[in-house]
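Position 1 is the first residue of the sequence; numbering continues from there. It should be emphasised that the depicted structure is a prediction, and the values quoted were computed from it without experimental measurement.
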Amino acid sequence: MVFSLIQVLSGILLTYTYTPDMMEAWNLSPNLTQEVVIKGSHPSLLLTLLIGLISVTIAYFISKKYINKH
């Protein structure tokens, strides 16, 4: 618990004190690619969608059972 609190507080502090270097970012921008390459395969997408569908179904029935009890 203490470790998590320290992590959150240090993250907030680092985010608050961060100052981006705009000139460096501007100088690096010509080197960036203009194309986006999406890699992946359909079976992994289908598996992700199936897991999501199963999760939503389980959450629906659990909430239905909980509401009916109370």
Side-chain angles (χ1 to χ4, degrees):
M1 179 74 176
V2 174
F3 179 74
S4 298
L5 182 63
I6 291 171
Q7 287 291 311
V8 169
L9 291 176
S10 69
I12 290 171
L13 179 67
L14 289 172
T15 302
Y16 181 73
T17 60
Y18 175 73
T19 306
D21 185 3
M22 295 304 287
M23 290 305 294
E24 182 66 23
W26 185 256
N27 290 336
L28 290 175
S29 65
N31 298 334
L32 297 176
T33 119
Q34 299 297 317
E35 296 179 10
V36 176
V37 178
I38 300 174
K39 294 183 179 181
S41 62
H42 294 294
S44 64
L45 176 64
L46 291 176
L47 180 61
T48 303
L49 291 175
L50 180 64
I51 291 171
L53 180 64
I54 291 170
S55 300
V56 167
T57 304
I58 291 170
Y60 173 76
F61 285 114
I62 288 175
S63 67
K64 234 3 188 179
K65 188 174 183 178
Y66 181 75
I67 289 172
N68 288 339
K69 277 190 164 184
H70 294 8

Hey, any chance I58 and L50 share a hydrophobic cluster, counting ILVMFWY side chains that come within less than 4.5 Å of each other, even indirectly? yes
With clusters defined by side-chain heavy atoms of hydrophobic residues (ILVMFWY) lying less than 4.5 Å apart, directly or transitively, does I54 cluster with L46? no
Rest of the hydrophobic cluster containing I12 (Ile/Leu/Val/Met/Phe/Trp/Tyr, side-chain heavy atoms under 4.5 Å)? V8
Give, for atom OG1 of T48 and atom CG of L53, the distance between the pair rounded to the nearest 0.5 Å. 12.5 Å
